[in-house]
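See structure below.
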Amino acid sequence: MSYTWLVTGSSRGIGLEFVKQLTTDRSNTVFATCRCPDSSSALQSLKNASGNLHIVQLDVRDEGSISTAVCIVQAILGARGLDYLINNAGQIHGTDKFAPFSSMLAADLIENFLTNVAGPALVLQAFLPACEKSQRRVVANISSAAGSFARKDFGAVGAAYCVSKAALNMLSCKQAKDRADMIVVAINPGSVKTDMGAPNAPLLPAESVASMLRIIHSATAEISGRFINHTGEEIAW
């Protein structure tokens with residue numbers, strides 16, 4: 001069966017890996033979005049190898065950019081709906097991205113919120129009409145265990161990032177409650193070896209994404225509004 005997918009933040013890391021794995025199934029129609037598509041040679045190479053990939057410029061912090069992307073995607077979809085929306089775009093912003101609360105800057109907190117919280121909210125709002133045309137209607141917000149209140153050891157992860165991911169989890173919960181006709185889930189990708197992750201992280205992007213796609217593809221209403229680990233277990237808020 002063919003499905004339609006949209007992935008934000010797809011120029012590198014986990015987002016790029018989502019696109020790689022999704023485009024291997026030629027029955028999928030995949031929209032890969034990022035701020036600067038022309039500067040991502042890795043993403044462009046995937047388009048050259050696959051006829052089912054559409055690369056679309058989208059900055060999750062810019063409402064005008066989001067609106068333009070919606071028009072492009074809807075024109076390609078036609079009467080079809082958007083089955084899966086993966087809100088992957090995220091950042092760790094800060095003069096010192098590992099800063100504890102005592103030295104956290106308000107500007108850094110705001111910057112993290114713009115991308116990690118406002119971005120996923122605005123993207124889903126804008127793409128709701130496309131999602132509503134689908135019978136699947138699955139939204140995956142890529143979160144982090146750093147956003148769990150129950151976590152006892154945050155290691156070197158900065159306060160601004162942790163707070164923004166906790167807010168993303170609440171956003172996911174609110175989206176699920178407000179739209180009972182959709183499946184909205186927050187997913188922790190695990191500690192992944194990417195530019196944002198630690199160089200000695202135990203997971204490769206391919207491993208993390210393969211696990212998350214199994215969860216996303218098989219998602220049911222039972223997990224909507226929950227915080228799920230990439231391995232499938234529920235994480236305490």
Side-chain angles (χ1 to χ4, degrees), residues 6-16 18 32-40 43 56-70 85-127 139-175 178 184 186-201 205 208 227 235 237:
L6 187 143
V7 183
T8 66
S10 61
S11 63
R12 60 180 182 171
I14 289 175
L16 180 63
F18 268 119
T33 76
C34 61
R35 287 179 298 169
C36 304
D38 292 341
S39 64
S40 176
L43 188 56
V56 181
Q57 194 279 332
L58 189 158
D59 182 346
V60 301
R61 297 159 56 106
D62 184 333
E63 292 186 65
S65 172
I66 296 172
S67 296
T68 299
V70 168
L85 169 59
I86 301 178
N87 274 316
N88 166 74
Q91 70 168 356
I92 301 178
H93 183 277
T95 307
D96 177 4
K97 66 182 181 180
F98 304 117
F101 167 75
S102 57
S103 57
M104 180 184 74
L105 300 178
D108 294 339
L109 185 62
I110 291 168
E111 287 295 317
N112 278 287
F113 261 72
L114 283 173
T115 301
N116 300 343
V117 188
L122 293 173
V123 168
L124 178 53
Q125 284 178 342
F127 280 96
V139 179
N141 293 324
I142 306 304
S143 185
S144 169
S148 170
F149 285 86
R151 184 169 178 173
K152 301 194 185 317
D153 178 15
F154 291 93
V157 184
Y161 178 77
C162 293
V163 172
S164 72
K165 287 301 185 177
L168 175 61
N169 290 344
M170 174 57 81
L171 173 67
S172 304
C173 188
K174 288 292 292 180
Q175 289 171 333
D178 292 348
V184 184
I187 301 183
N188 168 43
S191 181
V192 186
K193 193 175 294 186
T194 64
D195 290 343
M196 279 182 61
N200 59 345
S208 171
F227 185 20
I235 301 175
W237 296 114

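As a basis for the values below, the full set of heavy atoms in this structure was taken, side chains included, without hydrogen atoms, waters or symmetry mates. Numbering of residues begins at 1 and proceeds along the displayed sequence.
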Check the pair N112 / I110 against side chain to side chain contact (heavy atoms under 4.5 Å, CB included), numbers first and verdict last.
CA-CA 5 Å; N112 278 287; I110 291 168; over 6 Å; no
Would you tell me whether [X] and [Y] have side-chain atoms, one donor and one acceptor, within less than 3.5 Å of each other?
X	Y	value
S164	N116	yes
S65	Q57	yes
S172	N141	yes

By side-chain contact (heavy atoms from CB on, under 4.5 Å), which residues pair with S144, not counting sequence neighbours?
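Per chain and number, S144 pairs via side-chain contact (heavy atoms from CB on, under 4.5 Å) with A146, Y161, K165.
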Among all residues two or more places apart in sequence or in another chain, which pass the side-chain contact (heavy atoms from CB on, under 4.5 Å) test with L122?
E63, I66, Q125
Taking C36's backbone N and O only, do any of them form a donor-acceptor pair with S39's side chain (distance below 3.5 Å, no angle check)?
yes
Do side-chain atoms of N188 reach the backbone of A145 as a donor and acceptor pair under 3.5 angstrom?
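Indeed, once roles are kept as given, a pair shorter than 3.5 Å links the two residues.
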Take atom CZ in R61; do more than 12 heavy atoms of anything else shown fall under 6.0 Å from it?
yes
Pick out which of T33, I142, I86 makes a side-chain contact (heavy atoms from CB on, under 4.5 Å) with T8.
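Exactly one pass, corresponding to T33.
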Run the side chain to side chain contact (heavy atoms under 4.5 Å, CB included) test on V123 and L58 for me, step by step, so that the C-alpha distance in whole Å, both residues' side-chain angles and the decisive distance to 0.1 Å come before the verdict.
CA-CA 9 Å; V123 168; L58 189 158; 4.3 Å; yes
Would you name the heavy atoms of A89 and V60 that are closest together and state the gap between them?
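What the structure gives for the nearest pair is CB-CG1, 3.9 Å.
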Once you round to the nearest 0.5 Å, how far does [atom1] of [X] lie from [atom2] of [Y]?
X	Y	atom1	atom2	answer
S10	L16	OG	CG	7.5 Å
M104	C162	CE	SG	10.5 Å
D178	C173	CG	SG	9.5 Å

With sequence neighbours left out, write down each residue that passes ring-ring contact (aromatic ring centres under 6.0 Å, His included) with F227, or none if nothing qualifies.
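ring-ring contact (aromatic ring centres under 6.0 Å, His included) list for F227, sorted by chain: W237.
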